[in-house]
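The structure under discussion appears below in the form of structure tokens.
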Amino acid sequence: MFILNKTQSIADNFLSEIRDQSVQHDRLRFRHNLKRLGSLLAYEVSKDLQFTNESIQTPLTETTVSVMSDDIVIISILRAAIPFGEGFLDIFDKAEVGFIGAARQEANGNEIEIALDYKAAPDLAGKTLIIVDPMLATGKSLVKSINKLLTNGTPKIIHLASVIAAPEGIEYITKNLSLDFRIWTCAVDEKLNELSYIVPGLGDAGDLAFGPKL
């Protein structure tokens with residue numbers, strides 16, 4: 001697992017702003033910071049991908065360069081992942097793109113259920129799948145989304161990218177996902193509260209990015 005804020009960088013500024021209530025009211029800035037964190041994390045993910053050597057012709061001579069060879073698909077979990085996913089697309093500009101809708105629903109007691117109501121994804125067989133979702137809380141939505149996506153084929157590897165993750169979600173994914181996967185996050189927070197929200201977290205990323213929903 002890769003954690004971006006284990007090393008101090010400009011990413012800490014962006015993380016601070018998306019958490020800070022005095023800044024969160026600015027939806028444009030919130031979305032922009034999600035996008036910037038997506039680009040920074042995508043760069044780190046790129047270091048784990050496959051590359052090949054190719055010959056190119058510069059204006060002066062022929063030279064050998066290293067070029068990424070992975071066939072990438074980026075899947076954003078609606079709706080909060082839209083700006084975060086745009087940051088990944090700025091880096092992986094030739095990637096195929098898909099979307100899946102996963103919403104948490106309150107069940108009996110404090111139990112959380114996940115409703116999947118939308119999927120638009122390309123063929124995934126043998127490809128490098130990057131799933132982006134700003135908040136990795138319980139991990140249930142990611143596992144359920146992956147199981148639904150597998151009807152489009154089995155990817156070579158799955159990269160799970162989040163802005164903030166909870167230890168409980170990381171543990172759930174580790175126990176319930178049998179495919180080859182990597183977890184990439186900007187920060188791992190303390191815990192989930194009794195309502196399964198990440199603490200200290202930042203609140204509802206979708207509402208902060210786009211406004212409250214009915």
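None of these values were measured; they are calculated from a predicted model. Reckoned from all heavy atoms, side chains included, excluding hydrogens, waters and symmetry mates.
- For Gln21, the CD atom sits in a loose shell: 12 or fewer heavy atoms of surrounding residues, nucleotides or ligands are nearer than 6.0 Å.
- Residues Leu37 and Ile18 meet the side-chain proximity criterion, which asks for heavy atoms closer than 4.5 Å.
- Considering all non-hydrogen atoms of both residues, Cys186 and Leu4 come closest at CA-CB, 3.6 Å.
- Asp133 is listed as a side-chain neighbour of Ser141, based on a closest heavy-atom distance under 4.5 Å.
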Checking side-chain contact (heavy atoms from CB on, under 4.5 Å) for the pair Lys175/Glu171: CA distance, chi angles, key distance, verdict? CA-CA 6 Å; Lys175 289 181 178 179; Glu171 182 180 4; 3.0 Å; yes
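- Of all non-hydrogen atoms in Leu41 and Ala161, the two that sit nearest each other are CD2-CB, 4.0 Å.
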Could you go step by step and tell me if Asp90 and Arg36 meet the salt bridge (charged side-chain N to carboxylate O under 4.0 Å, His left out) rule? CA-CA 10 Å; Asp90 279 351; Arg36 293 196 287 190; over 6 Å; no
Is there a side-chain contact (heavy atoms from CB on, under 4.5 Å) between Arg182 and Val45? Walk through the geometry before answering. CA-CA 9 Å; Arg182 308 281 191 277; Val45 172; over 6 Å; no
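- Between Lys191 and Glu168 no salt bridge is recorded (no basic side-chain N to carboxylate O distance below 4.0 Å).
- Distance alone, capped at 3.5 Å, is enough to place a donor-acceptor pair between the Lys127 side chain and the Asp123 backbone.
- One hydrophobic cluster, built from ILVMFWY side chains closer than 4.5 Å, cannot hold both Val132 and Leu136; they sit in different ones.
- Put simply, the side chain of Leu129 does not reach to within 4.5 Å of the side chain of Ile157, judged on heavy atoms.
- Applying the 6.0 Å contact sphere to CD of Gln57 captures more than 12 heavy atoms from other residues, nucleotides or ligands.
- With Pro155 as the partner, the side-chain contact (heavy atoms from CB on, under 4.5 Å) test is satisfied by one option alone out of Leu149, Thr128, Leu150: Leu150.
- Applying the ring-ring contact (aromatic ring centres under 6.0 Å, His included) criterion to Phe92, with sequence neighbours excluded, gives no partner residue.
- Counting only heavy atoms from C-beta outward, the side chains of Val73 and Val97 never approach each other to under 4.5 Å.
- Minimum heavy-atom separation, Ile75 to Pro122: CD1-CD, 4.5 Å.
- Note: Leu49 CG to Asp71 CG = 11.5 Å, rounded to the nearest 0.5 Å.
- Note that the CD1 atom of Ile131 and the CZ atom of Phe181 stand 11.0 Å from one another [nearest 0.5 Å].
- Residue Lys6 places its NZ atom among 12 or fewer non-hydrogen atoms of other residues, nucleotides or ligands, all under 6.0 Å distant.
- The shortest side-chain heavy-atom distance between Ile82 and Glu86 falls under the 4.5 Å cut-off.
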Please lay out, stage by stage, how Glu96 and Ile74 fare under the test side-chain contact (heavy atoms from CB on, under 4.5 Å). CA-CA 6 Å; Glu96 294 180 276; Ile74 297 172; over 6 Å; no
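- Hydrophobic clustering, with ILVMFWY side chains joined whenever heavy atoms are under 4.5 angstrom apart, keeps Phe30 apart from Leu28.
- Hydrophobic clustering (ILVMFWY, side-chain heavy atoms < 4.5 Å, transitive): Ile72 and Leu160 are in distinct clusters.
- Under 3.5 Å, the side chains of Asn176 and Lys140 contain no donor-acceptor pair of N or O atoms.
- Between His159 and Trp184, some side-chain heavy-atom pair lies under the 4.5 Å cut-off.
- Counting only heavy atoms from C-beta outward, the side chains of Leu195 and Tyr197 approach each other to under 4.5 Å.
- Scanning all heavy atoms of the two residues, the minimum distance from Phe51 to Ser46 falls at CE1-O, 3.3 Å.
- For the residue pair Thr185 and Ser162, a side-chain donor N or O sits within less than 3.5 Å of a side-chain acceptor on the partner.
- Both Leu89 and Leu34 are part of a single hydrophobic cluster, where members link through side-chain heavy atoms under 4.5 Å apart.
- In summary, the side chains of Thr151 and Lys119 do present a donor paired with an acceptor at a separation below 3.5 Å, with no hydrogens or angles considered.
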Take Ile100 and Lys148 through the test side-chain contact (heavy atoms from CB on, under 4.5 Å) and record every step on the way to the result. CA-CA 9 Å; Ile100 191 163; Lys148 190 173 182 68; 4.0 Å; yes
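- Taking all atoms of both residues into account, the shortest heavy-atom contact from Ser196 to Ala137 is O-CB, 3.8 Å.
- Inter-residue side-chain proximity for Phe2 and Ile183 is flagged as unmet; no heavy-atom pair is nearer than 4.5 Å.
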Apply salt bridge (charged side-chain N to carboxylate O under 4.0 Å, His left out) to the pair Asp180 and Lys156, showing each step before the final yes or no. CA-CA 8 Å; Asp180 189 14; Lys156 178 177 68 173; over 6 Å; no
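- In the hydrophobic cluster analysis, where Ile, Leu, Val, Met, Phe, Trp and Tyr join through side-chain heavy atoms closer than 4.5 angstrom, Leu179 is grouped apart from Ile130.
- The CG atom of Leu15 lies 8.5 Å from the CG atom of Asn33; values are rounded to the nearest 0.5 Å.
- The OG atom of Ser39 lies 12.0 Å from the CD atom of Glu44; values are rounded to the nearest 0.5 Å.
- Counted by atom type alone, Asp70 and Gln50 present zero donor-acceptor pairs between their side chains at under 3.5 Å.
- A donor-acceptor distance shorter than 3.5 angstrom exists from the side chain of Asn152 to the backbone of Ala121, with no hydrogens or angles considered.
- Residues passing the side chain to side chain donor-acceptor pair (under 3.5 Å) test with Ser76, sequence neighbours excluded: none.
- Remark: the backbone N or O of Asp12 is not paired with any side-chain donor or acceptor of Asn5 at under 3.5 angstrom.
- The structure places NZ of Lys35 at 12.5 Å from CZ of Phe14, a figure rounded to the nearest 0.5 Å.
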Mind listing the side-chain donor-acceptor pairs of residues 198-211 below 3.5 Å, one per line with the distance, residues two or more places apart or on another chain?
| residue | atom | partner | partner atom | Å |
| --- | --- | --- | --- | --- |
| Asp204 | OD1 | Gly206 | N | 3.0 |
| Asp204 | OD1 | Asp207 | N | 2.9 |
| Asp207 | OD1 | Arg79 | NH2 | 2.5 |

